Student: 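Mind looking over this structure? Questions follow.
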Amino acid sequence: MDLIQQLTKGVISGVQELYGEAPDSGKVSLSVTRKEFEGDYTVVVFPFTKLAKKKPEQIGEELGQYMVNNLPNVSAFNVIKGFLNLSVEDAYWINYLNSISKQEHCYGKQAINGRKIMVEFSSPNTNKPLHLGHIRNILLGWSTSKIYEAAGYEVQKVQIVNDRGIAICRSMVAWQEFGNGETPESTGMKGDHFVGKYYVKFAKEFGEEYKEWQFSKQAEQAYATKKKEGQSEEDFFKAYKNDYFNEYSVLGKKAKDMLLQWEANDPAVRTLWKKMNSWVLGGFDKTYDSLGVEFDKLYFESDTYLLGKELIQKGLEMEVLYQEDKRVWTDLENIGLAKKTIIKSDGTSTYTSQDLGTAQMRYQDYGAEKVVYVVGDEQISHFQGVFEILKRLKEPYAEGLYHLAYGMVDLPTGRMKSREGTVVDADDLVAEVIEEAKKGMVQRGEIADLPTAKQAALFKTIGLGALKYFILKVNPRKRMVFNPQESVDLQGDTGPYIQYAYVRCKGVAKKAQEVNMSLAKGYAALEPQEKVVIIQLFQFPATIQEAAKDYDPSLVASYCYDLAKLYSKFYNDMPILKAESAPAQAFRLLLSKVVANTLSTGMDLLGIEMPERM
RNA sequence: GGUCCCGUAGCUCAGCUGGAUAGAGCAGCUGACUUCUAAUCAGCAGGCCUCAGGUUCGAAUCCUGACGGGAUCACCA
């Protein structure tokens, strides 16, 4: 039985025996003792005062005595005000360390439980390269997948590629008009950047066209007839851009025509579309590869956007949906949302109907009991709506759907804006953090003796470690500020700090020769710096469980940081190789080994690799 | 305006299933490398936990209401 359960049970039976009534297990508050007090675990006795009709101090004394007498692992206690501090036998911790050392890299992970979960993340549009916002999405999705794997699930990682629609048509038109047949190969550009260039080109050309048009008679007329009261010419034209695109623009018409031709399956358009998409996807693959992520399956919006008909029919029959003025609607007022169009009056699909259909299809494909959608928090109500409709349709998978909504990534100067060119490109960022790691490492000179290829691999490990940790340590729910300078910091609460602790563990292990590890069992009296490390190790499995339950990788990040910090302190204070006795040396080496394994398992859950040297 | 999220040190963030004197990192200052890698460790300084009520033996944490910031309220995705 788990130590925590043991102590909790002990408290319950103690209170029952002493005062004649058992408290609810919910009233037993057991936490790690604050470091300024003696003891390992603290029980708050205030909740028992009513039951016992005694003063907290007295209850503490009596209960403490009971615990020491009746629980094999409790060696001592002390009472301060209403707090009962229990000390656990050193032998228990030493045994515990021994037992988890045998689990190697399995420690903390649950056995496979046969349950399936699907995690959808990244899900980019195929008209421009990935940026910092995608990086947060990708890291969250990847880490959530790893955490669920560790929690015993079978995980399928998927993305839905938004590969159709007017946006990609803009890039296509621009390439046709201004591209002169150049390709990623001919220019040496990465495919996604190449296509993105034409997306920007379109915006620019369109902008100029629009500006020119503003001096025309048509524009004058539009302003005269459509302006709102008191609206200045400038404000009007700012707001009118979309209408201009749809009604007057030459380029806009070309893009819209292309979309129609695409929908009509025009062979030439489809060929161009496929070509440009393959360029973009090729570019994305390189970015994913540099981030160390991969997917089990890709869904394409071009295949899924017509799905959902069957569910809509079912919805109409079940009266979950209804028909009115040629559209199909649903009423979501009971969950605080407005009525929503599910099928447009021309019979075509909407975002909602697509997501309904996709959910059903994926359930048929894979049969996951849980599906996590990693999507920005601006889409919270969309997913609330989709999930609610599926629940009303009594779809078997509806209860297991979860929207992992994360906040936007801001820069110190404020929000990223493509119009102002402040969008941080994913590839640039990755290159930058690696470069920064390189600078630091070259300066330190620790790895100068390694071959160039190995050095380059280490630069990447450290640089990406810094970037990933920087992003994942923040609670996903929160909007976060991304400071490029701080993200490449290598000191303090950072990925490299944790990697460094790992390198130290490995370093002492390497230097220790022929140590009989079984001597560790003979180590008798734990130093405080040693005990706190073991207690932290003890929390690891529970941390993973909690991170899975909350869909929150930041819990794992701060766990790893805390462990690294405690180990660093221990490393600083205690001699390992020159320990005072053979058992002490064996024990400390064993501790270092388990810390290394745990840090490496934990950081792997964040998608961060560990270096052997740095 | 309705709904949802956020508000903790100069900055970036932990802590939020109620518990002891609210924690880290960065930035600032001070100490520790002839000893397992100092990307480290130790210390100083820095707080009306946005505000006001309420519940409680006890509130940063729960409830209500303000205030500030953000998101969202399309036949777009």
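Note that the structure is a prediction, hence the values are computed from the model and not measured. Letters A, B, ... are given to chains in the order of the sequence lines, protein chains preceding strands, and every chain is numbered from 1. What you see below is based on every heavy atom in this structure, not just the backbone, and it leaves out hydrogens, waters and symmetry mates.
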Student: Tell me whether the side-chain N/O atoms of A:K565 come closer than 4.0 Å to OP1 or OP2 in B:G25.
Tutor: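 Yes, because at least one side-chain N or O of A:K565 sits under 4.0 Å from OP1 or OP2 of B:G25.
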Student: Any side-chain heavy atom of A:L599 within less than 4.5 Å of one from A:L563?
Tutor: yes
Student: Any N or O donor-acceptor pair under 3.5 Å from the base of B:C41 to the side chain of A:S568?
Tutor: no
Student: If you measure from the P atom in B:G28 to the same atom in B:G65, how many Å do you get, rounded?
Tutor: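 Straight-line distance between the two P atoms is 45 Å.
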Student: Can you check whether any acceptor in the base of B:A20 is under 3.5 Å from a donor in the side chain of A:N85, or vice versa?
Tutor: yes
Student: Looking at A:K473, does any N or O in its side chain come under 4.0 Å of the phosphate oxygens OP1/OP2 on B:C26?
Tutor: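 For B:C26, neither OP1 nor OP2 has a side-chain N or O of A:K473 closer than 4.0 Å.
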Student: Contact class for A:V44 (heavy atom, under 4.0 Å): base, sugar-phosphate, or nothing?
Tutor: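 The answer is base, as A:V44 lies within the cut-off (heavy atoms under 4.0 Å) of a base atom.
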Student: Between B:C36 and A:R588, is there an OP1 or OP2 to side-chain N/O distance shorter than 4.0 Å?
Tutor: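 Answer is no, no contact under 4.0 Å.
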Student: Crowded around A:E612 CD? As in, over 12 foreign heavy atoms under 6.0 Å?
Tutor: yes
Student: Work out how far the P atom of B:C49 is from that of B:A60, and round it to whole angstrom.
Tutor: 8 Å
Student: Taking B:U55 as the reference, what is the distance to B:G2 when you measure between their C1' atoms (whole Å, please)?
Tutor: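 So the two C1' atoms sit 28 Å from each other.
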Student: Is NZ or CZ of A:R477 both nearer than 6.0 Å to the six-membered ring centre of A:Y551 and within 45° of the ring axis?
Tutor: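 Cation-pi check for A:R477 and A:Y551: fails.
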Student: For A:P47, answer base if it contacts any base atom (sugar-phosphate contacts may also be present), sugar-phosphate if it contacts only those atoms, and nothing otherwise; contact means non-hydrogen atoms under 4.0 Å.
Tutor: base
Student: Looking at A:R164 and A:D303, does any basic side-chain N land under 4.0 Å from a carboxylate oxygen?
Tutor: no
Student: Side-chain N or O of A:R477 versus OP1/OP2 of B:C5: is the shortest distance under 4.0 Å?
Tutor: no
Student: Categorize A:Q491 for me: base, sugar-phosphate, or nothing, with a 4.0 angstrom heavy-atom threshold over every strand shown.
Tutor: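 Here A:Q491 touches the backbone only, sparing every base.
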Student: Under 4.0 Å between a side-chain N or O of A:Y497 and OP1 or OP2 of B:C41?
Tutor: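 Indeed, a polar side-chain atom of A:Y497 lies that close.
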Student: According to a strict under-4.0 Å criterion, is A:K478 in side-chain N/O contact with OP1 or OP2 of B:A14?
Tutor: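 So the side-chain polar atoms of A:K478 do come within 4.0 Å of the phosphate oxygens OP1 or OP2 of B:A14, strictly under.
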Student: For B:A59 versus B:G53, give the span between their P atoms, rounded off to a whole number of Å.
Tutor: 14 Å
Student: Any base atoms under 4.0 Å from A:E36, or only sugar-phosphate, or nothing? Heavy atoms, all strands.
Tutor: nothing
Student: Taking CG in A:N242 as the centre, count heavy atoms belonging to other residues, nucleotides or ligands within less than 6.0 Å. Is the count above 12?
Tutor: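 Incorrect, the count does not exceed 12.
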Student: Does the structure show a Watson-Crick or G-U wobble partner for B:U55, both distances under 3.5 Å? Name it, or say none.
Tutor: none
Student: Does A:R444 make a side-chain N or O approach to OP1 or OP2 of B:A39 shorter than 4.0 Å?
Tutor: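 Indeed, a polar side-chain atom of A:R444 lies that close.
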Student: How about A:Y469 and A:Q499: do any of their side-chain heavy atoms sit closer than 4.5 Å?
Tutor: no
Student: Which part of the nucleic acid, if any, lies within contact of A:K340, taking any heavy atom under 4.0 Å across all strands shown: a base, the sugar-phosphate backbone alone, or nothing?
Tutor: nothing
Student: B:G68 and B:U30: how far apart are their C1' atoms, nearest whole angstrom?
Tutor: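 Those two atoms are separated by 39 Å.
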Student: Tell me whether A:F83 and B:A20 count as stacked here, given that the ring centres must be under 5.5 Å apart and the planes must differ by less than 30 degrees.
Tutor: yes
Student: Which pair of non-hydrogen atoms, one from A:N85 and one from A:G39, has the smallest distance, and what is that distance?
Tutor: CB-CA, 4.5 Å
Student: Considering every strand and a 4.0 Å limit on heavy-atom distances, what is the contact class for A:M614: base, sugar-phosphate, or nothing?
Tutor: base
Student: A:P496 or A:S29: which one's nearest nucleotide on RNA chain B is closer to the 5' end?
Tutor: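 Taking each residue's closest nucleotide, the earlier one in sequence belongs to A:S29.
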Student: Looking across every strand, which nucleic acid part, if any, lies under 4.0 Å from A:R164 by heavy atom: base, sugar-phosphate, or nothing?
Tutor: sugar-phosphate
Student: Is A:R34 side chain donor-acceptor paired with the B:A20 base, going by distance under 3.5 Å alone?
Tutor: no
Student: Hunt down the Watson-Crick or G-U wobble partner of B:G68, both distances under 3.5 Å, from any strand shown, or write none.
Tutor: B:C6
Student: Between B:C26 and B:A66, how far apart are the two C1' atoms, rounded to whole Å?
Tutor: 34 Å
Student: In whole Å, measure the gap between the P atoms of B:A77 and B:G70 for me.
Tutor: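 Result for the P pair: 28 Å, nearest Å.
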Student: Looking for any heavy atom pair under 4.0 Å, which part of the strands does A:R479 touch: base, sugar-phosphate only, or nothing?
Tutor: sugar-phosphate
Student: Looking at B:G19 and A:F46: do their rings stack (centroid distance under 5.5 Å, interplanar angle under 30°)?
Tutor: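 The ring of A:F46 is stacked on B:G19.
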Student: Using the P atom in both, what is the distance from B:C44 to B:A24, to the nearest Å?
Tutor: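 That atom pair is separated by 11 Å.
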Student: Which sits closer to the 5' end of RNA chain B, A:I576 or A:F37, going by the nucleotide each is nearest to?
Tutor: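 Result: A:F37.
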Student: Using a cut-off of 4.0 Å on non-hydrogen atoms, how would the nucleic acid contact of A:N475 be classed: base, sugar-phosphate, or nothing?
Tutor: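 Sugar-phosphate contact only - A:N475 comes under 4.0 Å of backbone atoms but never of a base.
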Student: Hey, does A:T42 reach any base, or is it just sugar-phosphate, or nothing, if we go heavy atoms under 4.0 Å?
Tutor: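 A:T42: base contact, heavy atoms under 4.0 Å.
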